[in-house]
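Note that ligands are numbered from 1 as they come in the structure, with each ligand's atoms numbered from 1 the same way.
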Amino acid sequence: MKFWIHTYGCQMNVRDSEAVEALLEAAGHVKASGEDDADVVIVNSCTVRQKAEEKAVGKSGYLCSTGKVVGLMGCAVKRLGADVFRKLPKLSFAVGPRCFGLIPKILADGRYPRLETGDDEVPEGLGAHPVTGRAGTFAAVQSYVTVMIGCDNRCSYCIVPDVRGHEYCRPPDEIIAEVRCLAERGVREVCLLGQSVLRYRGADGTTFPRLLRRLQEIDGLARIRFTSAHPSGCTDELVVAYRDCPKVCRHLHLPVQSGSDRILADMGRRYTRAEYLAAVEKLRAFDPEFSVTTDVIVGYPGETEEDFEATRTLLDAAGIDNSFVFKYSPRPGTRAAAKPDDVPQCEKERRDQVLLADQERRGLERNSRLVGTVREVMVEGPSKRNKARLAGRDSGNRIVVWDGAETPSPSVGALVRVRITEAHPQILVGIMV
Ligand code: 5AD
Ligand code: SF4
């Protein structure tokens, strides 16, 4: 059959979709050129916020009306359970985020409707990567690699532990073998994935910094990234691993969620504003250009103007390089959902806009410091906005663009040196040296 996968949500979902693509290829199915050309369309869903879930369900509803075989996978399936077929009566199958490995078998059986919400199982295909159709694109040289699944953190607002199950760490040897195999195929950069990767611990006691040291040794691999992290993982052991492992990128995505100690405690985040700052300062003491990005929730139940102002001052004090702002959305079954969702929508909107404006200003300030420096940049391909330019990222995950008129043109995945001539809030512009 010809298949197409439509993915919503985070990098884990992108990775899970790739694994399904690989499993379907291995079972003899062929990736279609697009949704219209496919016999079976699979929608990988997110449920972190209500809007995200509605998008995936809405898309599936439309696809069901086209008469194709339609499957839904991912987080919304686990949350909705059997309700998914009440919302989508024509849906052929639905599989939860820990049983996507069943999809080839479900298609082979062809007995619909079929629901597999799953529990804490480890999905088959966690380490499977598609082999075809990527030549010349950045996807051929960059891969996500799952190191852990599930989450045991239980933050009050978050539905992830309910839908993705308990934490499971893959054996370190399995991860190393997978990355080695990717590097042999020409992959230059891997991004290790888990809800809270710094908590990684292999059954043999391998810590996350130890895993980084082993990955550093793999020939051909140029860069190692990972996401997402909790401030408690910013240990001396991690900083020493950064120092010893030049392939490990100088960037950490460190979701803060709020800058108010009162709200942080209510969220169950297990750090204070001061502890968050200390974690960032530790990274910047090691490398002043170390890039720190974050996630923030605005309009959490009971968030006052004062709490919100504390978030603004914390992001400035921490010198956050980039931030992603989310309007609080109550998720059924979470602790926070039992509280009144009492910040009005228009106020959430306003706080979102204020943080975006702060980020534009701070992004420009922080990027301006890099004017005149030379950044090592991995080439990703033509810039999205201006095809005549080339774009890539520096070790800090900052987007860098340059005129790209060099001959021969540097290949995708190559590391080049770019002298920064201009700073913008979200990008750096320069010339190749
Ligand atoms: N409402 C709004 N944002 C949320 N996030 C997680 N749960 C919610 C929720 N209920 C945000 C957090 C997290 C990011 C992936 O999504 O900021 O870091
Ligand atoms: Fe897990 Fe907390 Fe991240 Fe939610 S916010 S995914 S509970 S670590």
For the student: nearest non-hydrogen atoms of Gln11 and Thr227, plus distance: NE2-CG2, 3.9 Å
Has Tyr62 got more than 12 heavy atoms of other residues, nucleotides or ligands less than 6.0 Å from its OH? no
Test of understanding: given a 4.0 Å heavy-atom threshold, classify the contact between [X] and ligand 1 as side chain, backbone, both, or neither.
X	answer
Tyr157	both
Val48	both
Gln257	side chain

Those atoms of ligand 1 less than 4.0 Å from some heavy atom in [X]:
X	value
Lys327	1 (N), 2 (C)
Arg49	1 (N), 2 (C), 3 (N), 4 (C), 5 (N), 11 (C), 16 (O)
Tyr328	1 (N), 2 (C)

So, taking the atom named SG in Cys249 and the one named CD in Glu189, what distance separates them when rounded to the nearest 0.5 Å? 5.5 Å
Rounded distance (nearest 0.5 Å) linking atom CG of Asn13 with atom CG of Asn44: 4.0 Å
Asp295 versus ligand 1: do any nitrogen or oxygen atoms come within less than 3.5 Å of each other? yes
What donor-acceptor contacts under 3.5 angstrom involve side-chain atoms of residues 93-104, with partners at least two apart or in another chain?
{"residue": "Arg98", "atom": "NE", "partner": "Glu121", "partner atom": "O", "Å": "2.9"}
{"residue": "Arg98", "atom": "NH1", "partner": "Arg164", "partner atom": "O", "Å": "2.8"}
{"residue": "Arg98", "atom": "NH1", "partner": "His166", "partner atom": "O", "Å": "2.6"}
{"residue": "Arg98", "atom": "NH2", "partner": "Asp120", "partner atom": "O", "Å": "3.0"}

For Arg223, check side chain to side chain donor-acceptor pair (under 3.5 Å) against everything at least two apart and list the hits. none
